[in-house]
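Working notes, beginning with the structure itself.
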Amino acid sequence: MTDFGENIRMAVEGLRANKIRAFLTMLGIIIGISSVIAIVSVGDALIGSVNDVFSKIGGNNIEVTVTSADADATLEMTDDLRIQDDTIEAFKARYPDIVKGVAVNATGGTVTTTDQLKNSSISLTGVNPDYFNVQNIQVKKGRLLNEEDVSGARSVIVLSETGAEKFFGKSDPIGKTLSVTGSGGDRVYTVIGTYRVDNGILSDSYSNQQAYIPVSTAAEDSGTSGYSFILVLTAQGTDTAAFAVKAGDFFSQYLPENSGAKIQSTSMQNMIQEMNSQLGTVSTGVSVIAGISLLVGGIGVMNIMLVSVSERTREIGIRKALGARNGTIRTQFLVESMIICLIGGIIGILLGGGFALIAGKFIGITVFPSFGAVATAVGFSMLIGLFFGSYPAAKAAKMNPIDALRYE
Amino acid sequence: MNPDSVIQLRNIVKRYNIGSENELEILHGISLDVRRGEFLAVVGASGSGKSTLMNIIGALDKPTEGSYILDGTDMDEVGDTQVSEIRNREIGFVFQNFNLIPRSTALKNVELPLMYAGVSRQERRERALSLLKTVEMSDRADHQPNELSGGQKQRIAIARAMANDPAVILADEPTGALDTKTGRLVMDLFHELNRETGATIVLITHNRELAAECDRIVTLSDGRITDISPGTGGYTDQEQENAS
Ligand SMILES: Nc1ncnc2c1ncn2[C@@H]1O[C@H](COP(=O)(O)OP(=O)(O)O)[C@@H](O)[C@H]1O
Ligand SMILES: [Mg+2]
């Protein structure tokens with residue numbers, strides 16, 4: 001017979017008498033549990049928000065890219081390899097119910113402004129009107145590019161909110177002009193609007209730095225025609241993975257024989273899966289590290305419990321003389337070992353939760369420490385205590401009382 | 001068999017290192033009966049086997065040969081769990097070096113045998129407080145052993161030994177670590193317990209004066225009982241004279 005509360009009280013008192021030692025012992029458990037909690041919480045939140053974002057902006061998108069057929073070789077990109085405007089028109093005509101838009105872009109390159117903020121560089125992307133829909137780019141002021149801008153190869157430009165502020169400060173940028181010097185010579189653009197991208201965690205600084213010009217204007221400057229990369233927006237409810245295959249087949253027909261190029265066509269579904277599996281790999285990696293540190297922590301706990309048993313040999317002898325059964329002694333030391341691990345686990349949970357919240361702030365996602373992970377961590381740390389405490393506890397339990405009492 | 005005997009030892013032999021070349025026989029066939037309510041002293045030189053005998057009486061150790069019946073139970077026939085129970089309920093140990101549990105208050109120390117006996121929290125607290133009162137240590141209930149003097153520790157240990165109202169209190173040189181005056185007070189406490197609660201006490205000592213105050217004195221030399229003689233039974237010479 002024994003009193004469980006009494007065991008807990010004794011264990012806590014023993015730990016308080018050796019605070020530093022107890023803390024050092026718990027360190028492995030703390031590191032292990034906190035990394036598991038942090039990674040699981042952040043990972044869950046990340047997967048959640050990535051899925052959220054993809055389904056909002058790109059669940060229906062297919063990326064079609066011209067790439068090298070041989071992964072080791074670099075592809076010399078020429079106009080006959082690029083996807084041309086009439087090919088895109090043919091594609092739209094072939095699948096009128098599925099294709100809701102095709103976003104194209106031509107890199108205008110990084111150019112230097114010559115009037116406002118001289119020598120400040122700006123990254124130009126030539127796009128068609130579909131591009132804004134497909135990429136979830138919203139107008140803030142003025143308007144975005146339209147068909148007339150493209151067909152007329154007009155010198156008009158859409159700046160990001162931050163870009164406009166950089167060049168024109170607080171004053172209204174619409175109608176203002178921006179002179180740039182690029183590969184195609186000097187050009188004066190008229191600002192027709194500003195935009196903002198709001199894609200949750202994907203709103204990186206890059207996507208808010210682009211300035212958009214008509215794709216035809218960019219082509220004029222670069223002297224090229226066609227696109228090595230297009231984005232196809234499909235109708236709601238399309239099986240994008242299956243349609244990606246069809247799109248790939250369609251554009252492949254237009255590639256010259258033995259060009260060394262191939263068409264790669266990927267749906268966002270594929271990408272979501274890819275991303276999830278990459279997150280899974282990261283989680284597995286961290287879990288392995290956490291597992292090792294829990295193992296090391298457990299061995300540390302076993303070591304300190306062996307020290308504790310041998311330090312308290314005499315006490316064990318006294319308890320046995322007073323009528324403690326072997327099982328009672330065993331329980332006492334198991335409880336102590338489990339409490340060490342439990343306290344370590346709780347500190348780990350708090351620490352890991354803290355890390356997760358801080359990491360969430362940095363990435364810009366809301367992180368809730370996962371309840372499942374917390375419950376598992378509590379259970380698992382007690383299990384570690386039980387497992388690694390059982391040998392020292394058994395050693396204490398089977399001590400001969402006379403030898404124990406005589407122990408100096 | 002004497003029905004009044006709490007302890008009945010017959011031809012107890014204890015050997016150590018059995019089967020090895022340094023096999024040692026420490027007790028060579030001890031036979032002894034202790035009556036219920038008796039205050040028995042065991043004296044003998046250091047190394048004569050007193051503690052070995054006490055460990056056997058206290059069920060901490062088993063004899064190599066011989067039979068031992070404690071309060072009607074043949075100790076040869078009990079298993080591990082029952083031995084723990086017997087130590088808990090039938091025996092109260094008092095050691096030379098007190099053997100209180102460190103970092104546990106006096107009260108918790110006295111409660112310990114009660115806890116192992118399965119007594120409820122409330123009940124064991126009450127019982128422990130009343131025991132502390134008996135040994136005049138009520139005001140030290142919340143003190144830890146390292147805050148107590150030797151004499152105070154031994155009083156706590158005696159209170160703890162009495163917790164489950166054992167059949168026998170075994171005290172192995174309980175005054176050995178105390179100065180004469182404190183030792184005297186502890187001795188008086190034993191006499192008081194023996195007289196007022198009828199506790200059976202086996203006192204091991206090599207102080208012949210203290211032994212002489214007991215009911216009977218057993219002398220042990222080299223693992224044999226060489227003398228059993230009556231003592232004064234706790235009465236001073238004056239009291240004895242008055243009584244006769
Ligand atoms: N575990 C043991 N192994 C071998 N010899 C022992 C052991 N325990 C006690 N002894 C020996 O038994 C003898 C009696 O010891 P003990 O009973 O402690 O004597 P006392 O209490 O009378 O001083 C001593 O010679 C001691 O060395
Ligand atoms: Mg001795």
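Every heavy atom of this structure was used, including side-chain atoms; hydrogens, water molecules and symmetry mates were not. Each chain gets a letter, A, B and so on, in the order the sequences are listed, and its residues count up from 1.
Both the backbone and the side chain of A/Arg319 come within less than 4.5 Å of a heavy atom in chain B. Using a 4.5 Å cut-off between heavy atoms, B/Arg121 touches chain A through its side chain atoms alone. When heavy atoms are compared at a cutoff of 4.5 Å, B/Asn55 approaches chain A solely by way of its side chain, counted from C-beta outward. For B/Asn164, no part sits under 4.5 Å from any heavy atom of chain A, backbone or side chain.
Between the B/Tyr116 side chain and the A/Arg325 main chain, no donor and acceptor come within less than 3.5 Å of each other. For the pair B/Arg87 (side chain) and A/Leu322 (backbone), a donor-acceptor distance under 3.5 Å is absent. The backbone N or O of A/Lys398 lies less than 3.5 Å from no partner atom in the side chain of A/Asn326, so there is not a single donor-acceptor pair.
When the heavy atoms of residues 142-161 of chain B are compared with those of chain A, the residues falling under 4.5 Å are B/Arg160, listed by number.
When the candidates A/Gly5, A/Pro401, A/Ala324, A/Gly317 are compared by the number of heavy-atom contacts under 4.5 Å with chain B, A/Ala324 comes out ahead. Taking chain A as the reference chain and counting heavy-atom pairs below 4.5 Å, the highest number among B/Leu100, B/Asn97, B/Ile86 is found for B/Asn97.
Residues A/Cys341 and A/Val301 approach most closely at SG-CG2, 3.8 Å, considering heavy atoms. Of all heavy-atom pairs spanning B/Thr200 and B/Val34, the tightest one is CG2-CG1, 3.8 Å.
At a cut-off of 3.5 Å, with distance as the only test, a side-chain donor of B/Glu126 or B/Gln122 sits close to an acceptor on the other residue.
Geometrically, A/Lys19 does not engage A/Phe23 in a cation-pi contact, judged by NZ or CZ lying under 6.0 Å from the ring centre and within 45° of the ring axis.
Note that the OG1 atom of B/Thr52 and the CG atom of B/Leu60 stand 11.5 Å from one another [nearest 0.5 Å].
Listed by chain and residue number, B/Arg15 satisfy the salt bridge (charged side-chain N to carboxylate O under 4.0 Å, His left out) test with B/Glu65 (two or more places apart in sequence, or in another chain).
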